[in-house]
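Note sheet for the following structure.
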2 protein chains.
Amino acid sequence: MQNDRTGESLLFLTDEQLRQGIEAMFFAYRGFTADPDRILEKYNYGRAHHRAMHFINRVPGTNVNNLLKILGVTKQSLNRVLRTLIQDELVTLKIGTKDRRERHLYLTDNGKSLEKQLSTAQSHRMREAYRRVGPDAVTGFKQVLEAMMDPKLQVTYKKLRSS
Amino acid sequence: MQNDRTGESLLFLTDEQLRQGIEAMFFAYRGFTADPDRILEKYNYGRAHHRAMHFINRVPGTNVNNLLKILGVTKQSLNRVLRTLIQDELVTLKIGTKDRRERHLYLTDNGKSLEKQLSTAQSHRMREAYRRVGPDAVTGFKQVLEAMMDPKLQVTYKKLRSS
DNA sequence: ATTGGAATGTCAACAAGACTGACGTAAAAT
DNA sequence: ATTTTACGTCAGTCTTGTTGACATTCCAAT
């Protein structure tokens, strides 16, 4: 084996390295969702509710189509979730003034409160992880994740950052 | 705001930083599973089948209990998946010689072939991501993921590394 | 040798959350 | 006036998870 950059690069991209990354993603995602899941269970909600609330909080007044693009599910699937959230008064609809076909979505005070609970729990674990590994590792973490996204989602992700 | 280490540390752990990490995980996981999902669809399998095959390949001869711990599902849920994989001759059982209650699991040649297809597709995306961001970012990526795991899963993850 | 418990399998029932397909309504755009 | 868009909804299906109950096998301890 050569001891130049090519050699290092090949060594760096071994199957073992890749497989470790795959398994790390799998196990970490379990941890990532574990804390919110426990809270959601108490309210008889699921991850789908959490995701919807997260992005309605993130983009207040978003319409349904935009939310569908972010979440990557069908309107029927989202609609089921939204219906319960609206019934339970965690989310409100406002009919668009400019385009009256559009429904703009907002969290109610109750919705904001639950969303805060969920994001606090999820952030807490991430904060601890960040704290343990330091800023440079966090930068790398985000770079790899961003590079793994589908191009369209990468655009969506960046738009959220700058909004 | 103070301009000392405490200040930097606080700035580093802003809600914005944490939320970006959360959203990056969400979007990246979609990319992470997208390619294998497309392949699985052709064979009428799902992610559960992929995960089972991945770890049977990773730990050949594992018994069911061990696999359950790794996957974090109920035996009934795993059993349904294993049954179809065994019927389709992608996985074989061997009854333990030392403890004849235990079923040791192995991929057949067909199983190995499909697993290879799936892991190749999944690795390809990760390889591209790694290549784009470089070795240091990859180190940070794994560090953060490992720090986010539940302690028990972290142990499991490390055991897999050294086996 | 019998008994308790562990490992495994299996049946039934259920729920969340994804999907497709079809249809309806309202409103904007052409 | 017609077409397209945005949204909702009904119906049915699939995967993957859950609980609970029960049977079998078999090791290990009394």
Side-chain angles (χ1 to χ4, degrees), chain A residues 26 29-30 33-34 36-56 61-88 91-106, chain B residues 26 29-30 33-34 36-56 61-88 91-105 118:
Chain A
F26 173 60
Y29 202 79
R30 293 247 289 279
T33 55
D37 280 356
R38 269 189 288 275
I39 296 168
L40 289 159
E41 211 180 347
K42 293 191 291 187
Y43 296 89
N44 277 313
Y45 292 134
R47 267 180 219 175
H49 301 84
H50 181 193
R51 291 196 286 261
M53 294 182 69
H54 175 95
F55 288 107
I56 292 172
T62 179
N63 62 30
V64 176
N65 252 358
N66 184 48
L67 194 54
L68 284 175
K69 278 175 204 155
I70 293 173
L71 294 173
V73 296
T74 57
K75 61 174 179 173
Q76 293 92 331
S77 199
L78 175 57
N79 200 253
R80 193 196 313 120
V81 168
L82 281 181
R83 212 184 309 163
T84 68
L85 291 175
I86 292 166
Q87 275 172 2
D88 297 351
V91 168
T92 50
L93 282 183
K94 276 189 192 169
I95 291 177
T97 49
K98 195 178 165 192
D99 184 337
R100 297 188 54 208
R101 288 172 304 181
E102 292 183 349
R103 268 70 172 170
H104 300 284
L105 303 166
Y106 301 87
Chain B
F26 173 61
Y29 202 79
R30 294 247 289 279
T33 55
D37 280 357
R38 268 189 288 274
I39 296 168
L40 289 159
E41 211 180 347
K42 293 191 291 185
Y43 296 89
N44 278 310
Y45 293 134
R47 267 181 218 174
H49 300 86
H50 182 194
R51 291 196 286 261
M53 293 182 69
H54 175 96
F55 288 107
I56 293 172
T62 179
N63 62 31
V64 175
N65 248 2
N66 184 48
L67 195 53
L68 284 174
K69 277 175 205 155
I70 294 172
L71 294 173
V73 297
T74 57
K75 61 175 179 172
Q76 293 90 333
S77 198
L78 175 57
N79 200 254
R80 196 194 304 122
V81 168
L82 283 181
R83 212 185 309 162
T84 68
L85 291 175
I86 291 166
Q87 275 172 3
D88 296 351
V91 168
T92 51
L93 282 183
K94 276 189 193 168
I95 293 176
T97 49
K98 196 180 164 190
D99 183 339
R100 297 186 56 208
R101 288 169 301 184
E102 291 184 350
R103 268 69 173 170
H104 300 285
L105 303 166
L118 294 166

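Each chain gets a letter, A, B and so on, in the order the sequences are listed, and its residues count up from 1.
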For atom [atom1] of [X] and atom [atom2] of [N], their distance in whole Å:
X: A:H104; N: D:dA6; atom1: NE2; atom2: C1'; answer: 11 Å
X: A:I95; N: D:dC7; atom1: CD1; atom2: P; answer: 11 Å
X: A:E102; N: C:dA26; atom1: CD; atom2: P; answer: 17 Å
X: A:N63; N: C:dA27; atom1: CG; atom2: P; answer: 16 Å
X: B:N44; N: D:dT13; atom1: CG; atom2: P; answer: 16 Å
X: A:L68; N: D:dT5; atom1: CG; atom2: P; answer: 15 Å
X: B:D37; N: C:dA18; atom1: CG; atom2: P; answer: 13 Å
X: B:Q87; N: C:dG9; atom1: CD; atom2: P; answer: 14 Å

- [ ] Please examine the side chains of A:T62 and A:F55, heavy atoms only from C-beta on, and report whether any two atoms are closer than 4.5 Å.
- [x]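 A side-chain contact under 4.5 Å is absent here.
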TODO: Measure the shortest side-chain to side-chain distance between B:L40 and B:D37 over non-hydrogen atoms and say whether it is less than 4.5 angstrom.
DONE: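 They are in contact (side-chain heavy atoms under 4.5 Å apart), so the answer is yes.
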Does the side chain of [X] get closer than 4.0 angstrom to OP1 or OP2 of [N] through an N or O atom?
X: B:T74; N: D:dG17; result: no
X: B:R103; N: C:dG9; result: yes
X: A:R83; N: D:dT9; result: yes
X: A:R51; N: C:dA18; result: yes
X: B:R100; N: D:dC26; result: yes
X: B:N65; N: C:dA6; result: no
X: A:H49; N: C:dG17; result: yes

Open item on the list: If you assign each of A:G46 and A:G96 to its closest nucleotide in DNA chain C, which residue comes earlier from the 5' end?
Closed with: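 Upstream on the strand: A:G46.
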Open item on the list: For the residue pair B:Y43 / B:D88, report whether a side-chain donor-acceptor contact shorter than 3.5 Å exists.
Closed with: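 The answer is no; no qualifying pair exists.
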Open item on the list: Using a distance-only criterion (donor-acceptor N/O pair, under 3.5 Å, no hydrogens), is the base of C:dA26 paired with the side chain of A:R101?
Closed with: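 No, no donor-acceptor pair under 3.5 Å.
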Task: Spatial distance of atom NZ (B:K94) from atom CD (B:E102) [nearest 0.5 Å] - done: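 Answer for the NZ-CD pair, B:K94 versus B:E102, is 14.5 Å.
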Open item on the list: Which is more 5' along DNA chain D, the nucleotide nearest B:R80 or the one nearest A:R80? Just name the residue.
Closed with: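 The 5'-side residue here is A:R80.
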TODO: Could you say whether A:D99 or A:Q76 is positioned toward the 5' end of DNA chain D, judged by the nucleotide with the nearest heavy atom to each?
DONE: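 Per heavy-atom nearest nucleotide, the more 5' residue is A:D99.
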Task: Heavy-atom donor-acceptor pair, A:R30 side chain to B:L71 backbone, under 3.5 Å - done: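 Judged by distance alone, yes, a pair lies under 3.5 Å.
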Open item on the list: From C-beta outward on B:S77, which listed nucleotide comes closest to its side chain: D:dG8, D:dT16, C:dA18?
Closed with: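 The closest nucleotide is D:dT16.
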